[in-house]
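Counting starts at 1 for both ligands and their atoms, in listed order. In what follows, residues are counted from 1 in the order of the sequence shown.
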Amino acid sequence: MQLNFTVEDDVFRAAAREWLLASVPAAPPPHDGPAARAYALAWLARCHAGGWSGISWPSEYGGRGLSPERLIIWYEEYVRARAPSVLDCTFVALNHAGPTLIACGSTEQKAFHLPKILTGQVIWCQGFSEPGAGSDLASLATTGVVEGDHLVVNGQKIWSSFADVADYQELLIRTAPGFRRHQGLSWVICDMRSPGITVRPIENLAGATHFAEVFYDNVRIPLSNVVGDLHDGWRVAMNTLSFERKTAAIGLQLDLSVKVEDLIALAMPAPGSAMAERLATLRAEAASLRAMTYRTLLRQPATASDGSLVRLCFAELAQRVHRATMDVLGAEALIASQATHDYLESYSETIAGGTAEIQRNIIAERILGLPRVKAA
Ligand SMILES: Cc1cc2nc3c(=O)[nH]c(=O)nc-3n(C[C@H](O)[C@H](O)[C@H](O)COP(=O)(O)OP(=O)(O)OC[C@H]3O[C@@H](n4cnc5c(N)ncnc54)[C@H](O)[C@@H]3O)c2cc1C
């Protein structure tokens, strides 16, 4: 894919490169907990001070409203500089809670929350999935009952990333009993310090605890925290998921190319060897993922199903890259703790944000036009 950058774009790239060179922290980010929170907020505050926070947000809300071409340049430079992963605990706030508030929130909600997000003062988490509602989100059962000017919330969420260190949660609940499935849901801003909330971190395969179960026991949430209209949460949630699935992960997708090049430099495979062939294939796959990412970003109007295609290719390629890293390191992987950690974390790539099977269903139905599979 050919991108034609202008002279002004080159000037922008030079400014981004210079700032990143001077600003990227030397220490790597902690994996989880309060230390990860402090690191991520400090990095975001530094980005904000340098004019690099909320770069895709409209300027009327404090962002920079950058064009897709400029976003591409920024993230190319970002991964080149080995800046902290974009998938840190500020990810939800910057990439889907903030954009959802911009699209569907009230004037008061925007005025209160958006500046705090952009300047690195708050962490948000997402409370959509439940033990009985993941891929089938519309079957969620956590309830909110209107009492005066509050909702009283009872139930449980699970897999809520960063919930243990979050200030706010984008919480999807059932507020109109009697209505089923997509109807009668509401998207509310939940203050994670409200009485009645219990957060129980879950340890993953890699030993990190960046997601959690969240329990709600008569949690009182002001009705003024409902985003969009009461009982209109499905529409708002689809906005959230579209931000999450479209371009939020561009930094991760471009970073795979850097990881593959680092791996090739580390492996130095003999020409013609099986490893050389495997790494060449990974390099070609990373290049095609990059091209798909650019195409999705530049295509107007972009569609959510394009996002599914990129998301699926990214998730499965990331797993192959981390598997190859383990094979290149061999027994050394046992002491290269970061590589082992990244490899174990990569198992979640084909689950988080919609499983590989669900992405394939979307691609089959919406891109290939295949008939919908009916549940047995
Ligand atoms: C690292 C990570 C972070 C996460 N962060 C969050 C978060 O912050 N907030 C949040 O709300 N959730 C979060 N999740 C949850 C995630 O969205 C769900 O795990 C995901 O949607 C799958 O739901 P489930 O786990 O309930 O699996 P299920 O939906 O029960 O699926 C089980 C299996 O059945 C398959 N399956 C289900 N339905 C179909 C179908 N129709 N066709 C074919 N196969 C099907 C699935 O692909 C899967 O293999 C996170 C998950 C991970 C791994």
**Message:** If I apply the N/O under 3.5 Å rule, does N361 come out as touching ligand 1?
**Reply:**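 Among all N and O atoms of N361, at least one is under 3.5 Å from an N or O of ligand 1.
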**Request:** Of the side chain and backbone of T355, name the one, both, or neither that has a heavy atom under 4.0 Å from an atom of ligand 1.
**Result:**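 Within the 4.0 Å criterion, T355 contacts ligand 1 through side-chain atoms alone.
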**Request:** Record the part of F211 in heavy-atom contact with ligand 1 below 4.0 Å; permitted values are side chain, backbone, both and neither.
**Result:**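 Just the side chain.
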**Request:** Number the atoms of ligand 1 from 1 as they appear, then name those within less than 4.0 Å of a heavy atom of S348, with their elements.
**Result:**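 It comes down to these atoms of ligand 1: 1 (C), 53 (C).
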**Message:** Between R37 and D88 (salt bridge meaning N to carboxylate O under 4.0 Å), is one present in this structure?
**Reply:**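 D88 and R37: not salt-bridged.
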**Prompt:** Between D327 and R320, is there a salt bridge with N-O shorter than 4.0 Å?
**Reply:**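 No, no charged N to carboxylate O under 4.0 Å.
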**Request:** Check whether NZ of the Lys or CZ of the Arg K116 lies under 6.0 Å from the centre of the six-membered ring of F112 and within 45 degrees of that ring's axis.
**Result:**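 Output yes; distance and angle both within limits.
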**Heavy-atom protein contact below 4.0 Å for atom 46 (C) of ligand 1** =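 Yes.
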**Asked** Does the protein put any heavy atom within less than 4.0 Å of atom 34 (O) of ligand 1?
**Response**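 No, no protein heavy atom sits under 4.0 Å from atom 34 (O) of ligand 1.
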**Request:** Quick one: look up the protein heavy atom nearest atom 25 (O) of ligand 1 and list residue, atom name and how far away it is.
**Result:**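 Ranked first by proximity to atom 25 (O) of ligand 1 is W159 NE1, 3.8 Å.
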**Asked** Is there a side-chain contact between V24 and P84 (heavy atoms, below 4.5 Å)?
**Response**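 Yes, side chains in contact.
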**Asked** Taking the inter-plane angle between the rings of F91 and H96 on a 0 to 90° scale, is it parallel (under 30°), tilted (30 to 60°) or perpendicular (over 60°)?
**Response**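 Ring orientation of F91 relative to H96: perpendicular.
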**Prompt:** Using the ring of each side chain (for Trp, its six-membered ring), is W74 parallel, tilted or perpendicular to W52, with breaks at 30° and 60°?
**Reply:**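 Rings of W74 and W52: parallel, under 30°.
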**Asked** Who's closest to atom 37 (C) of ligand 1 heavy-atom-wise, of G353, A166, S135?
**Response**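 Minimum heavy-atom distance to atom 37 (C) of ligand 1 goes to S135.
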